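Before any comments, here is the structure.
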Amino acid sequence: MSIRTRFAPSPTGYLHIGGARTALYNWAWTRRLGGTFVLRIEDTDRERSTAESEAAVLGGLSWLGIDWDEGPFRQSERGALYAEAIERLLASDRAYRCVCTPAEIEARRAATVATGAKWTYDRRCAAAAYGPECGPHAVRLRVPTDGKLGFDDAVFGPSGQEAREIGDMVIRRTDGSPLYHLAVVVDDVAMGITHVIRGADHLNNTPFQLALYRALDAKPPHFAHVPLIVGSDGRKLSKRRDPVAVQHFRDAGYLPEAMCNWLVRLGWSHGDQEIFSMQEIRTLFDLDAVQRASGQADPGKLEWLNQHYIKERPRDRLAHEVAPLLAAAGTPVDPDNPAFGALLDLLRERSKTLVEMAERARFFAVPDDALVHDADAVRKHWKPATRPALEDLAGELARVATWDAAGIEAAFHAVLARHAGLALGKLAQPVRIAVTGSAASPGIFETLVVIGRDRTCARIARALALLPAA
RNA sequence: GCUCCCAUCGUCUAGCGGUCUAGGACGUGGCCCUCUCAAGGCCAAGACACGGGUUCGAUUCCCGUUGGGAGCACCA
């Protein structure tokens, strides 16, 4: 039998990293086994479900490199299916109409809980056999009162609960709308889902869903519950305290490859391997090695991974990803300019994110006379005493035969030789500030090569003009 | 409160009874390299939650305790 899996997010306006990881696990596992991956939008909550909201979730998946084979299906468009299933359950007496009002139930529930007992619906309407004409009513599933609703979870092993712990749950509201569990099970049956891989928060819901499968005369799928991701304080991931939207990470300059690598390793491992390409994820991921304990998302590890992927990114690709960020900052640059590409090569090992890279590349994109010099750096390195050497260097650079690192280095050393006691650092720093505006940059010779002779000379001239007098 | 789940360095994890004076990675500290900043190399500190069993022998198996988490809706 061929494998069919699904990812079923609710369109909340963004793709949550927990959901993203669940999707990634589903995707990787399905791809490895050559199965079919279905996408289903659980948008029965019409309030929050908008087209933009759905697009954000789909966009997040696509950006991560997660593709699907069928869908997206929307639960909002499948109401007839749920209604039909409920009617069938009613007709076969596997479900019954319940006329208890929420207020009545709450009163009885409170009374029961007050005695310290566990509350499940007291089945007041179970034997009444109300017909359709009974007035406003909900529909409840007859859940077995004995035996165990058990299953063998691929991650957690033998799991389940005593059936009597569950009680007769509502599957259709008084207003006629189906409840989540009913819709999920009906859909999973209709879509022929063979393996459900989802968050461990559903571990406790599974027994009830099992009862639903049984009532529907359907064979339940295999289940694999993956541990939750918790915040850096070890508690539940909070939208307030933790960055949780995939979109946020994209905007912050993280690469999808780094995100996937980060997420796949959070709760899963393959020996001591840390780096996993998308290709490796889809060939190596397996449910056996999924952790049972929930894990904390470590932003530091993500940064490290991101830098790793930045370091091995093809130059052109990087250029076309960083250029828009520069343009957005008001300093456009031609992504195909070879010098810009060369600069990015120098910046790779100094940048943890694309955003940071763009900031560091800014001096290249800005016009010579608009370069802002860092005040602290200027105070520290632009001393009146550096003027003679700087003037000397300006002249020397103008005479460099071939504008490459070796030629520029030779020019620096020629100048150093004429100024006794002057160390390279003492000359490099003022020049660095003149050319990049900052006291930190890639190697000075390489930087000058990239910025070009004309712009180097223009910037040094401007620095000379700004240099404090003796 | 009830039900279920979980528990190795700060974090992610390896370990599936002896190979463990517990390995790797991120992070942290130090050193080297060095024109700045990085990157890189080397070194270091750092964990089996606790208590009982089982066993010749437990990080590994069992039971408690403690500590976390999830679920208990006419939410999804």
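None of these values were measured; they are calculated from a predicted model. Hydrogens, waters and symmetry mates play no part in the numbers below; they use all other heavy atoms, side chains included. Labels below follow one simple rule: chain letters A, B, ... track the order of the sequence lines, proteins then strands, and each chain is numbered from 1.
Residue A200(A) is the one, among Y180(A) and A200(A), whose nearest nucleotide of RNA chain B lies closer to the 5' end (criterion: closest heavy atom). With the nearest nucleotide of RNA chain B identified for both R292(A) and E349(A), R292(A) has the one nearer the 5' end.
Rounded to the nearest Å, the gap between the C1' atom of rC48(B) and that of rA39(B) is 35 Å. Atom P of rU65(B) sits at a distance of 12 Å from the matching atom of rC2(B), rounded to the whole Å. Distance noted for atom P between rC9(B) and rG24(B): 16 Å (whole Å). Going from the C1' atom of rG15(B) to that of rG52(B) covers 24 Å, rounded to whole Å.
Listed nucleotides: rU13(B), rC37(B), rC35(B). Nearest to the side chain of S269(A): rU13(B). Comparing rU3(B), rA38(B), rC12(B) by their nearest atom to the side chain of Q307(A) picks out rA38(B). Of all nucleotides listed (rC35(B), rA73(B), rA39(B)), rC35(B) comes nearest to the side chain of E446(A). When the nucleotides rG71(B), rC74(B), rU11(B) are ranked by their closest atom to the side chain of D201(A), rG71(B) comes out on top. Of the candidate nucleotides rC74(B), rC26(B), rU13(B), rC74(B) has the atom nearest to the side chain of P102(A).
The partner of rA58(B) is absent, by the rule that a Watson-Crick or G-U pair needs both atom distances under 3.5 Å. Under the Watson-Crick or G-U wobble criterion, with both distances below 3.5 Å, rG64(B) is paired with rC50(B). When both pairing distances are held under 3.5 Å, rG1(B) makes a Watson-Crick or G-U pair with rC72(B). Of the nucleotides present, rU28(B) is the one that pairs with rA44(B) by Watson-Crick or G-U wobble criteria, both distances under 3.5 Å.
Taking every heavy atom of both residues into account, R124(A) and C100(A) meet most closely at CB-SG, 4.2 Å. Across every non-hydrogen atom of A200(A) and L228(A), the tightest pair is N-CD1, 3.6 Å. The nearest pair of heavy atoms linking L90(A) to V139(A) is CD1-CG1, 3.7 Å. Of all the heavy atoms in K352(A) and N306(A), the pair that sits closest is O-ND2, 2.6 Å.
Of the possible donor and acceptor atoms, none in the side chain of R97(A) sits under 3.5 Å from a partner among the backbone N and O of H137(A). Using a distance-only test at 3.5 Å, with no hydrogens or angles considered, no donor-acceptor pair links the side chain of E349(A) to the main chain of K311(A). No donor-acceptor pair closer than 3.5 Å links the side chain of R94(A) to the backbone N or O of L141(A). Side-chain atoms of Q307(A) never come within 3.5 Å of backbone atoms of W304(A) as a donor-acceptor pair (strictly under, hydrogens ignored).
For the pair L212(A) CG and rA76(B) P, the computed distance is 14 Å after rounding to whole Å. Between the CG atom of N205(A) and the P atom of rA73(B) there is a distance of 11 Å, given to the nearest Å. Atom pair L15(A):CG and rA76(B):P shows a separation of 20 Å (rounding to whole Å applied). Look at CG on L302(A): it is 12 Å from C1' on rC12(B), rounded to the nearest Å. Atom CZ of R21(A) is separated from atom P of rC12(B) by 11 Å (rounded to the nearest Å).
Taking the ring centre of F364(A) as origin, the terminal cationic atom of R455(A) falls inside the region bounded by 6.0 Å and 45° from the ring axis.
An OP1 or OP2 oxygen of rA14(B) is reached within less than 4.0 angstrom by a side-chain nitrogen or oxygen of Q291(A). Between T174(A) and the phosphate of rC74(B), there is no side-chain N or O to OP1/OP2 separation shorter than 4.0 Å. Phosphate proximity of rC37(B) to R350(A): absent, as no side-chain N or O sits under 4.0 Å from OP1 or OP2.
For D376(A), the side chain to side chain donor-acceptor pair (under 3.5 Å) criterion is met by R379(A), not counting sequence neighbours. Under the side chain to side chain donor-acceptor pair (under 3.5 Å) criterion, R462(A) pairs with no residue at all, not counting sequence neighbours. Residues forming a ring-ring contact (aromatic ring centres under 6.0 Å, His included) with W268(A) (at least two apart in sequence, or on another chain): F276(A), F285(A). Applying the side chain to side chain contact (heavy atoms under 4.5 Å, CB included) rule to R350(A) yields the partners R360(A), P442(A); only residues at least two apart in sequence or on another chain are considered. Here A23(A) pairs with F7(A), L61(A), I66(A) under the side chain to side chain contact (heavy atoms under 4.5 Å, CB included) rule; sequence neighbours left out.
Within residues 426-439 of chain A, the residues having any heavy atom under 4.0 Å from RNA chain B are, by residue number, A428(A), Q429(A), R432(A), A439(A). Interface residues of residues 124-138 of chain A facing RNA chain B, ordered by number: A138(A); criterion, heavy-atom separation under 4.0 Å.
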What side-chain donor-acceptor pairs closer than 3.5 Å can you find for residues 181-189 of chain A, not counting sequence neighbours?
unit_1	atom_1	unit_2	atom_2	d
H181(A)	ND1	Q209(A)	NE2	2.9
D187(A)	OD1	R78(A)	NE	2.6
D187(A)	OD1	R78(A)	NH2	3.0
D187(A)	OD1	Y82(A)	OH	3.2
D187(A)	OD2	Q75(A)	NE2	3.0
D187(A)	OD2	Y82(A)	OH	2.5
D188(A)	OD1	R6(A)	NE	3.1
D188(A)	OD1	R40(A)	NH1	2.8
D188(A)	OD1	R40(A)	NH2	3.2
D188(A)	OD2	R6(A)	NE	3.4
D188(A)	OD2	R6(A)	NH2	2.8

Please enumerate all protein N or O atoms sitting under 3.5 Å from an N or O of nucleotides 40-51 of chain B, with distances to 0.1 Å.
unit_1	atom_1	unit_2	atom_2	d
rG40(B)	OP1	K311(A)	NZ	3.1

Grab the N/O contacts between the protein and nucleotides 67-69 of chain B below 3.5 Å, and write none if there aren't any.
none

Listed pairs, N/O of protein and of nucleotides 22-24 of chain B, under 3.5 Å:
unit_1	atom_1	unit_2	atom_2	d
rG23(B)	N2	D272(A)	OD1	2.8
rG24(B)	N2	R265(A)	NH2	3.4
rG24(B)	N2	E274(A)	OE2	2.9

Can you tabulate the close N/O pairs, meaning under 3.5 Å, that link protein atoms to atoms of nucleotides 61-65 of chain B?
none

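Remark: the H181(A) side chain and the rA76(B) base include a donor-acceptor N/O pair separated by less than 3.5 Å.
A salt bridge is defined here as a Lys NZ or Arg NE, NH1 or NH2 lying under 4.0 Å from an Asp or Glu carboxylate O, and D43(A) with R74(A) fails to meet this definition. Ion pairing between R362(A) and E359(A) fails under the 4.0 Å rule for side-chain N and carboxylate O.
Of the candidates L302(A), L24(A), I275(A), N261(A) forms a side chain to side chain contact (heavy atoms under 4.5 Å, CB included) with just one, namely I275(A).
Across all strands, L266(A) comes closer than 4.0 Å only to sugar-phosphate atoms, never to a base (heavy-atom distances).
A donor and an acceptor atom, one from each side chain of R198(A) and T206(A), are located under 3.5 Å apart. For the residue pair Y180(A) and N205(A), no side-chain donor N or O sits within less than 3.5 Å of a side-chain acceptor on the partner.
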